[in-house]
Amino acid sequence: MTLFHLILVAALQGVTEFLPISSSGHLILLPGLTGLDDQGLAIDVAVHVGTLAAVVLYFRRDVAGAVAGVPRLLTGRADTPGARLALLLLIATLPVMAAGLALRLAGLDAALRSVAVVGWTTLGFGVVLWVADRFAPAARGAGDWSLRHAAILGLWQAVALIPGTSRSGICITGARFLGYTRHGAAKLAMLMSIPTILASGGLLAIEVAAEADAQLARDGAIAAAFAFVAALAALAAMMRLLQRVSFTPYVLYRIALGAALLIWAYA
């Protein structure tokens with residue numbers, strides 16, 4: 001891959017991974033819209049590593065607490081903030097792992113990667129996000145996360161396996177419907193991304209391990225580095241902006257993009 005192609009893929013993944021506009025949908029569309037070759041699974045793994053590093057760095061205190069709480073959780077106790085957070089993240093991750101495995105075994109994951117599907121989900125779930133953000137109460141913070149809500153948000157997250165849905169967007173939507181503030185909903189969505197990216201990235205890494213060579217390793221390192229910088233900047237900007245603005249700008253973008261994709265798909 002050329003340096004330009006690597007930077008383009010990395011920047012696209014980094015900027016869109018944590019914004020409620022669907023990174024997977026954009027990556028699927030990139031080859032068709034630009035004429036560039038598909039970046040391949042190895043680069044997908046690399047950019048996921050970059051975005052994972054960004055969210056871990058941004059929420060390093062929460063992550064450190066959850067990691068420290070894992071040994072206590074393994075003893076059957078979740079009586080510290082860190083152990084409880086680790087338990088909640090585990091509960092929220094199980095549905096998407098089960099649904100992802102079911103889709104893979106059924107061979108449906110590839111069938112969903114079409115422009116029409118991305119168009120409908122981009123537009124439709126954008127409207128659902130607007131409804132949740134406009135009409136749901138905002139009475140809970142991220143610290144109010146409960147076992148029941150972790151399970152519910154886990155089910156919402158599983159819907160993001162449909163390309164164009166946006167993992168962060170659907171988790172934010174579910175959290176807003178449950179009454180979390182915009183900032184609280186975004187924080188929960190970001191924390192939930194960590195085990196999910198770890199799981200999906202791990203599976204992809206196993207698939208491409210046999211193909212690794214020096215050139216691919218170099219390309220992957222470049223892509224991961226640029227994805228890290230882009231993701232950290234986008235994440236920090238969104239979390240600051242949510243103190244003052246709603247999700248409406250993202251919704252408008254999704255509606256415009258979804259409509260354009262549907263016109264292209266059915267023209």
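Predicted, not measured: the structure shown is a model, and the values here were computed from it. By convention here, the first residue in the shown sequence is residue 1.
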Kindly indicate whether the side chain of Thr16, heavy atoms from C-beta on, has any atom under 4.5 Å from the side chain of Leu12.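 Of all side-chain heavy-atom pairs linking Leu12 with Thr16, at least one is under 4.5 Å.
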
Do the side chains of Thr121 and Val159 get nearer than 4.5 Å, heavy atoms only? no

Please list all pairs meeting salt bridge (Lys or Arg N to Asp or Glu O under 4.0 Å) that have one or both residues in [range], counting only residues at least two apart or in different chains.
range            : result
residues 236-254 : none
residues 154-176 : Asp133-Arg176
residues 219-230 : none
residues 48-70   : Asp62-Lys187

Crowded around Met239 CE? As in, over 12 foreign heavy atoms under 6.0 Å?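 Yes, enclosed.
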
Can you tell me how far the [atom1] atom of [X] sits from the [atom2] atom of [Y], to the nearest 0.5 Å?
X      : Y      : atom1 : atom2 : value
Leu8   : Gln13  : CG    : CD    : 12.0 Å
Ser168 : Leu188 : OG    : CG    : 13.0 Å
Ser166 : Phe125 : OG    : CZ    : 10.5 Å

Tell me every residue that passes side chain to side chain contact (heavy atoms under 4.5 Å, CB included) with Phe226, counting only those two or more places apart in sequence or in another chain.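 Result, side chain to side chain contact (heavy atoms under 4.5 Å, CB included) vs Phe226: Ile7, Ala10, Ile222.
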
Sorted by chain and number, sequence neighbours left out, side chain to side chain contact (heavy atoms under 4.5 Å, CB included) with Ala116 holds for Ser114, Ala265, Tyr266

Under 3.5 Å, sequence neighbours excluded: what are the donor-acceptor pairs made by side chains of residues 77-96?
residue, atom, partner, partner atom, Å
Arg77, NE, Thr75, OG1, 3.2
Asp79, OD1, Arg72, NE, 2.5
Asp79, OD2, Arg72, NH2, 3.1
Thr80, OG1, Ala83, N, 3.2
Thr93, OG1, Leu89, O, 2.6

Matching residue for Leu129 among Ile170, Thr173, Ile21 - test: side chain to side chain contact (heavy atoms under 4.5 Å, CB included):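 Running side chain to side chain contact (heavy atoms under 4.5 Å, CB included) over Ile170, Thr173, Ile21 with Leu129 returns exactly one hit, Thr173.
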
Got a sec, which residues hit ring-ring contact (aromatic ring centres under 6.0 Å, His included) with [X], two or more places apart in sequence or on another chain?
X      : result
His149 : Tyr180
Trp156 : Phe177
Phe135 : Trp130

If hydrophobic clusters are built by linking Ile, Leu, Val, Met, Phe, Trp and Tyr wherever their side-chain heavy atoms come under 4.5 Å apart, do [X] and [Y] end up in the same one?
X      : Y      : value
Leu241 : Val55  : no
Ile197 : Leu57  : yes
Leu123 : Ile263 : no

Members sharing Leu74's hydrophobic cluster (side chains within less than 4.5 Å):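 Answer for Leu74: Val70.
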
Heavy-atom donor-acceptor pair, Thr51 side chain to Val47 backbone, under 3.5 Å: yes

Among residues two or more places apart or on two chains, list those pairs meeting ring-ring contact (aromatic ring centres under 6.0 Å, His included) that have a residue in residues 39-91.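 As it turns out, there is no ring-ring contact (aromatic ring centres under 6.0 Å, His included) pair with a partner in residues 39-91 once direct neighbours are skipped.
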
Under the side chain to side chain donor-acceptor pair (under 3.5 Å) rule, what do Gln157 and Thr196 come out as? Steps first, then yes or no, please. CA-CA 9 Å; Gln157 183 171 229; Thr196 302; 3.0 Å; yes

